[in-house]
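Atom set for the values below is all heavy atoms of this structure, side chains included, hydrogens, waters and symmetry mates excluded.
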Amino acid sequence: SSLYASHDGVVTSVVVRSGIPCVKEGEEVPEGQLLVDGLLPVVKTDGTVTGYHFVNADADIVISYKEEYYDKINIYSDEKVYTENEAKEYYLRFYNKTLCFHFFTPQYEHCEIIQSFYQLKLWEHFYLPIWIGTGTKKEYVYQRVEREETVLKNQLYENLELFLESLKEKGVQNIQKDVKISISGSMLILSGELRFADSNLRREEITASMRTELENGQYNTVVDGNER
């Protein structure tokens with residue numbers, strides 16, 4: 001099998017234990033480029049290739065790349081504020097049917113209803129399929145409130161750290177942060193450039209058809225821009 005780049009970037013470190021290195025430090029590579037070849041040619045003294053030896057390429061290669069970061073949060077929030085307006089309702093429920101009785105109940109645009117029911121019974125353990133209940137409608141309105149800027153900044157930076165931690169768990173290290181806070185309209189924005197070091201490599205197995213072509217001396221093609 002051979003190893004390929006899993007991300008566009010610049011190679012910053014190359015340590016090959018098995019296979020033929022195809023890149024060197026400082027070289028810029030696109031995603032999918034062959035980094036370490038698992039096909040080792042068997043060469044005669046006159047320089048002719050008589051065959052290939054198959055190995056599992058093994059290497060530590062780090063690719064550095066940069067990525068734009070952008071996150072935003074609204075400076076304002078709509079908070080629920082209760083008024084002093086309330087209205088009573090009364091209920092009669094029979095099995096799954098409920099009747100509501102109210103007198104001159106105002107229509108609130110926004111309200112919260114608190115209900116309670118009591119099931120009727122003839123004696124201690126004999127309940128009837130009848131419930132009576134009451135309800136209270138409490139009116140509330142939404143007010144636009146400006147949130148504390150320090151809290152919002154902390155939230156944006158916390159989001160960034162969570163993002164970086166998720167990448168770290170995948171083997172991608174953040175090596176540089178150049179981000180700043182700005183305001184656009186009603187949004188608080190954290191944006192800038194991040195640089196990463198990615199040690200993840202993509203492994204691809206040598207197919208049976210490639211093996212057959214190699215054994216017959218017919219294999220001469222371009223794989224991800226690298227001729228073999």
Side-chain angles (χ1 to χ4, degrees), residues 6-9 31 65-198 200:
S6 59
H7 207 286
D8 297 346
E31 179 182 354
Y65 68 93
K66 63 182 179 180
E67 187 174 292
E68 294 297 320
Y69 181 81
Y70 183 88
D71 191 16
K72 63 182 181 180
I73 191 168
N74 202 315
I75 298 173
Y76 301 95
S77 66
D78 291 328
E79 294 188 2
K80 185 189 294 186
V81 178
Y82 289 93
T83 70
E84 296 181 355
N85 297 327
E86 293 186 357
K88 287 288 187 180
E89 291 184 338
Y90 301 92
Y91 312 103
L92 176 63
R93 177 183 295 171
F94 182 71
Y95 288 102
N96 295 326
K97 300 293 184 180
T98 302
L99 297 176
C100 178
F101 304 94
H102 50 80
F103 305 96
F104 307 108
T105 301
Q107 296 299 316
Y108 300 134
E109 183 179 359
H110 303 289
C111 68
E112 185 176 277
I113 303 177
I114 301 173
Q115 297 175 323
S116 63
F117 286 88
Y118 174 77
Q119 188 174 7
L120 300 181
K121 60 182 179 180
L122 291 180
W123 49 81
E124 186 177 359
H125 299 294
F126 187 82
Y127 287 88
L128 299 175
I130 301 172
W131 290 260
I132 58 175
T134 60
T136 302
K137 283 185 174 182
K138 293 186 175 183
E139 184 188 35
Y140 63 85
V141 295
Y142 286 108
Q143 288 185 354
R144 200 177 198 206
V145 178
E146 184 173 354
R147 296 190 279 179
E148 189 176 343
E149 187 173 319
T150 302
V151 174
L152 299 180
K153 286 182 178 179
N154 290 339
Q155 182 62 60
L156 287 171
Y157 281 110
E158 183 179 336
N159 292 348
L160 173 58
E161 291 305 317
L162 289 173
F163 170 67
L164 297 178
E165 186 63 30
S166 67
L167 291 179
K168 185 177 180 181
E169 292 174 357
K170 300 174 184 177
V172 180
Q173 297 284 338
N174 173 241
I175 55 177
Q176 185 178 346
K177 288 183 288 191
D178 183 14
V179 294
K180 63 180 181 179
I181 292 283
S182 61
I183 297 177
S184 177
S186 62
M187 307 303 293
L188 192 67
I189 299 168
L190 178 64
S191 61
E193 187 177 276
L194 304 174
R195 184 166 289 278
F196 298 98
D198 188 358
N200 294 300

Side-chain heavy atoms of [X] within contact of [Y], under 4.5 Å:
X      : Y      : value
Trp131 : Gln119 : yes
Asn85  : Pro106 : no
Ile75  : Glu149 : no

Requested in this report: Decide yes or no on side chain to side chain contact (heavy atoms under 4.5 Å, CB included) for Tyr142 and Lys80, but give the supporting numbers first.
Outcome: CA-CA 5 Å; Tyr142 286 108; Lys80 185 189 294 186; 4.3 Å; yes
Minimal non-hydrogen separation, [X] against [Y], with atom names:
X      : Y      : value
Ser6   : Asn200 : OG-O, 2.7 Å
Leu188 : Ile183 : CD1-CG1, 3.5 Å
Glu193 : Val179 : N-CG1, 4.2 Å
Ser186 : Arg144 : CB-NH2, 4.1 Å
Leu156 : Ile181 : CD1-CD1, 3.8 Å

Query raised in the report: Who are the salt bridge (charged side-chain N to carboxylate O under 4.0 Å, His left out) partners of Glu79, not counting sequence neighbours?
Result: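 Per chain and number, Glu79 pairs via salt bridge (charged side-chain N to carboxylate O under 4.0 Å, His left out) with no residue.
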Sequence neighbours excluded - side chain to side chain donor-acceptor pair (under 3.5 Å) pairs with any residue from [range]:
range            : value
residues 66-77   : Asp71-Asn159
residues 107-118 : Tyr82-Glu112, Tyr91-Gln115, Ser116-Thr134
residues 175-185 : Glu161-Lys177

Query raised in the report: Under 6.0 Å from the OH atom of Tyr95, do we count more than 12 heavy atoms belonging to anything else shown?
Result: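 No.
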Query raised in the report: Can you tell which of Ile175, Leu167, Leu164 makes a side-chain contact (heavy atoms from CB on, under 4.5 Å) with Leu194?
Result: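 Exactly one candidate clears the test, Leu164.
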Requested in this report: Please name all residues satisfying side chain to side chain contact (heavy atoms under 4.5 Å, CB included) with Asn154, sequence neighbours left out, ordered by chain then number.
Outcome: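 With neighbours one apart ignored, the set is Thr150.
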**Report entry** side chain to side chain contact (heavy atoms under 4.5 Å, CB included) partners of Ser166, counting only residues at least two apart
**Finding:**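 For Ser166 the side chain to side chain contact (heavy atoms under 4.5 Å, CB included) partners, ignoring immediate neighbours, are Phe163.
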Query raised in the report: Stepwise, does the side chain to side chain contact (heavy atoms under 4.5 Å, CB included) test hold for Val172 with His7?
Result: CA-CA 11 Å; Val172 180; His7 207 286; over 6 Å; no
Query raised in the report: Side chain of Asp198, backbone of Gln173: donor and acceptor closer than 3.5 Å?
Result: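 Not a single qualifying donor-acceptor pair exists.
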Interatomic spacing from [atom1] in [X] to [atom2] in [Y] - rounded to 0.5 Å:
X      : Y      : atom1 : atom2 : value
Asp78  : Gln143 : CG    : CD    : 10.0 Å
Leu120 : Leu92  : CG    : CG    : 8.5 Å
Glu86  : Cys111 : CD    : SG    : 11.0 Å

Query raised in the report: Between Thr83 and Glu139, does any side-chain donor sit less than 3.5 Å from a side-chain acceptor?
Result: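 On atom types as modelled, these side chains qualify, holding a pair under 3.5 Å.
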